[in-house]
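Reviewing the structure listed below.
Everything numeric here is computed off the predicted structure, so don't read it as measured data.
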Amino acid sequence: MDQQTAPSITYEFGAIPAGNMFLCTFDNGKWESGSVQPFGNFTLSPFALCFHYGQTVFEGLKAFRQPDGSIGIFRHRDNFHRMNLSLERMGMPDIPYEIWEEGLLGMVKANSAFVPDSSGCLYLRPFVIATEEKLGVKLSSRYLFAIVGCPASDYYTSSLSVKVETTFTRAAKGGVGFAKCGGNYGASFYPFRKAKEEGFDQIIWTDAQEHLYVEESGTMNLAFIVDNELRTPPVSETILDGITRRSILELAAETGLRVNESPVRITDILHAVDQGSPVEAFGVGTAAVIAPFHSISYQGQTYSCYTEKDAQMFKLRHRLKSIQLGLSGDTHNWMTYL
Ligand SMILES: *Cc1c(COP(=O)(O)O)cnc(C)c1O
């Protein structure tokens, strides 16, 4: 228990690093023992393979101040498993659980003073990069595993206007869409900028073959609520297995919504809007938990979504936040307390 709590102020997301980081290196076929140390720059050769061939993987998760002053980390074992899936797909060595746990919990403990009160959280960013110094194209033999963090304020997005993307593709079968690798983000900035220039806040990605089935929104998963049914496409090779998505689906089922995980045709959703049904549409991810959409644009037509205060998506967000902040019982065993 640690009563040292950062004051309730608004943090620009990702601007202020927490004071300590965890570093661990992989060499000669194994992970060395890592250590928590003061946050600071590290030195890499310009030849380091991560600068050239994209072997970078990351994770994102949060630690929350609990009412008794302790700290609760949300579902970190799920992030551990996903990180290893991403690492495997990128040809990178997996992280033993002991190193993950020691690094993450040690780093959070050392950063206790950087965990804000319940109006925010400590955002945690584990990542792995290829560090072998070689300009030739090759699989790196050396890696760095780091965990850094930043205090973050509660992130409530105002509702967004989104565009169904039918030109660019985020992920294709056999590709790396399910992996949390830097390259997926690099490839999304140009389509995102074009959507911004057209006046939209975000993109809805569709399948690579027909651009007919929805996949994700920006860097979030995507869900709809229509007629008391929560609809979301199943995770797949092209859809990242979001931990917020997983949590929201469980909570939705508990609150009496039908949960339907099957391919979602964008035209079916827009048809429901045309029929006058209140359609809730939202992104789902660690940063915002739920990001509501007020409108969806498809082939030049704009369709309005339901974003009133009594929308069910906000109840789901509230339930999840209550668990994270220790305001309701952690019956799912999602939290790790320090
Ligand atoms: C991280 C991420 C998500 C959301 O996953 P969470 O575990 O809920 O944060 C969804 N889609 C993509 C592409 C992502 O990178």
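Listed by chain and number, the residues in a side-chain hydrogen bond (donor to acceptor under 3.5 Å, both in side chains) with Ser141 are Glu132 (sequence neighbours excluded). For Arg245, the salt bridge (Lys or Arg N to Asp or Glu O under 4.0 Å) partners two or more places apart in sequence, or in a different chain, are Glu261. Residues meeting the side-chain hydrogen bond (donor to acceptor under 3.5 Å, both in side chains) test with Trp205, sequence neighbours left out: none. Here His332 pairs with Glu254 under the side-chain hydrogen bond (donor to acceptor under 3.5 Å, both in side chains) rule; sequence neighbours left out. Annotation: side-chain hydrogen bond (donor to acceptor under 3.5 Å, both in side chains) contacts of Tyr97 (sequence neighbours excluded): Arg77, Glu101.
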Side chains of residues 270-288: which donor-acceptor pairs under 3.5 Å do they make with residues two or more places apart or in other chains?
{"from": "Glu280", "atom 1": "OE1", "to": "Gln312", "atom 2": "N", "distance (Å)": "3.1"}
{"from": "Glu280", "atom 1": "OE1", "to": "Met313", "atom 2": "N", "distance (Å)": "2.8"}
{"from": "Glu280", "atom 1": "OE2", "to": "Gln312", "atom 2": "N", "distance (Å)": "2.9"}

What donor-acceptor contacts under 3.5 angstrom involve side-chain atoms of residues 24-44, with partners at least two apart or in another chain?
{"from": "Trp31", "atom 1": "NE1", "to": "Asp94", "atom 2": "O", "distance (Å)": "2.8"}
{"from": "Ser35", "atom 1": "OG", "to": "Gln37", "atom 2": "NE2", "distance (Å)": "3.1"}

Residues 167-175 side chain polar contacts: donor-acceptor under 3.5 Å, at least two apart:
{"from": "Arg170", "atom 1": "NH2", "to": "Gly177", "atom 2": "O", "distance (Å)": "2.7"}
{"from": "Arg170", "atom 1": "NH2", "to": "Glu216", "atom 2": "OE2", "distance (Å)": "2.8"}
{"from": "Arg170", "atom 1": "NH2", "to": "Thr238", "atom 2": "O", "distance (Å)": "3.1"}

Identify all side-chain donor-acceptor contacts of residues 178-189 below 3.5 Å with residues at least two apart in sequence or on another chain.
{"from": "Asn184", "atom 1": "ND2", "to": "Val176", "atom 2": "O", "distance (Å)": "3.0"}
{"from": "Asn184", "atom 1": "ND2", "to": "Ala179", "atom 2": "O", "distance (Å)": "3.0"}
{"from": "Ser188", "atom 1": "OG", "to": "Tyr185", "atom 2": "O", "distance (Å)": "2.8"}

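Counting heavy atoms from C-beta on, the side chains of Ile204 and Lys163 never come closer than 4.5 Å. Residues Ser118 and Leu327 form no side-chain contact, since every pair of their non-hydrogen atoms from C-beta on lies 4.5 Å or further apart. Side chains of Leu320 and Phe74 form a contact here, defined as non-hydrogen atoms less than 4.5 Å apart. The shortest distance between side-chain heavy atoms of Cys305 and His294 does not fall below 4.5 Å.
Side-chain contact annotation: Ser328 with Arg319, donor-acceptor N/O pair under 3.5 Å absent.
Other members of the hydrophobic cluster containing Tyr53, listed by chain and number, are Leu49, Val137; membership follows side-chain contacts under 4.5 Å among ILVMFWY residues, whether direct or relayed. In this structure, Ile239 belongs to a hydrophobic cluster whose other members, linked by side-chain heavy atoms under 4.5 Å apart, are Val235.
Ser217 contributes a side-chain N or O that, together with a main-chain N or O of Ile203, makes up a donor-acceptor pair within less than 3.5 Å.
A ring pair (Phe, Tyr, Trp, His ring centres under 6.0 Å) check over residues 116-140, counting only residues at least two apart or in different chains, returns the pairs Phe13-Tyr123.
Shown here for Thr206 and Glu165, the closest heavy-atom pair between the two residues is OG1-O, 2.7 Å.
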